[in-house]
Amino acid sequence: MTLNDWFAKGMTFDTYVDSMQVNRDELLSLYEQVTLTEEEVAALAKKRTEPWRVIVLTADWCGDALLCVPIVKRIAESAGMEMRFLIRDENLELMDQYLTNGTSRSIPIFIFIDEAGKERAVWGPRSPEVQAMIDQMRSGLPPKDDPRFEAEQRAMYKGFRERLLSDRSLWQSVVNSVLGRLSEA
């Protein structure tokens, strides 16, 4: 399948949100709160002359998707980019073309394509600042064979999720990272 075929197969944002069962309310809340600066909107307005679209590989349960999907949705709106959403585990043929570090099916992945369906940019699953935060949080976990590992990992992910929903500096790190990638394309 071509990237245009994958785009055509994807769900609209509204259909994706309607299908959500885990993070729907939180994603919509974040979407309502995320704003872009006038400078960011002006920079994205330049992209309106290029009819790009975005394929999003995601899943409802993913904390990174909870953070990044509403932010990139705002960016896409400002740039006049249409988005389509594909559930990772239902689209492994495409997912396996966009593995993180060549090995991991990390999501979300945003594939920016032009009108002809040519890949122009790829971003995801996290901004460098969010990755650094996760690395720091993971460094405090006991070894995997430690009986406390599972409980402490659950607590770590709960704390991560709470920060995603409230820490605007993390939101801005995603905006900056995505805008940086788009400016390179």
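Residue numbers count from 1 along this sequence. Values below: every heavy atom of this structure, side chains too, minus hydrogens, waters and symmetry copies. Everything numeric here is computed off the predicted structure, so don't read it as measured data.
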Side chains of Glu162 and Ser166: any donor to acceptor distance under 3.5 Å? no
Heavy-atom distance under 4.5 Å between the side chains of Asn91 and Trp6, does that happen here? yes
I'd like to know if the side chain of Arg88 reaches the main chain of Ile107, judged simply by a donor and an acceptor atom lying under 3.5 Å from each other, with no hydrogens or angles considered. no
Leu86 side chain near Glu90 side chain, heavy-atom distance below 4.5 Å: no
Are the side chain of Asn23 and the backbone N or O of Asp60 linked by a donor-acceptor pair below 3.5 Å? yes
Are Ile134 and Leu30 connected into the same hydrophobic cluster when the rule is that any two of I, L, V, M, F, W, Y join if their side-chain heavy atoms are below 4.5 Å apart? yes
Joint cluster assignment, Val69 & Trp52, ILVMFWY side-chain distance < 4.5 Å: yes
Main chain of Asp114, side chain of Arg53: is a donor-acceptor contact present, judged purely on distance under 3.5 Å? yes
May I ask you to decide if the ring planes of Phe13 and Phe85 are parallel, tilted or perpendicular, using 30° and 60° as cut-offs? tilted
Whether Arg74 side chain and Tyr31 backbone form a donor-acceptor pair below 3.5 Å: yes
Per side chain to side chain contact (heavy atoms under 4.5 Å, CB included), Phe112 is matched among Val54, Val122, Ile55 by Val54
For Ser177 and Val174, indicate whether the former's side chain and the latter's backbone hold a donor-acceptor pair under 3.5 Å. no
Among Glu32, Glu26, Gln33, exactly one meets side chain to side chain donor-acceptor pair (under 3.5 Å) together with Ser29. Which residue is that? Gln33
Do Thr15 and Asp18 pair up side chain to side chain, a donor and an acceptor below 3.5 Å, judged on atom types alone? no
Heavy-atom closest pair, residues Ser106 and Met95: O-CE, 3.7 Å
Is a side-chain donor or acceptor of Asp5 paired with a backbone partner of Thr2 at a separation under 3.5 angstrom? yes
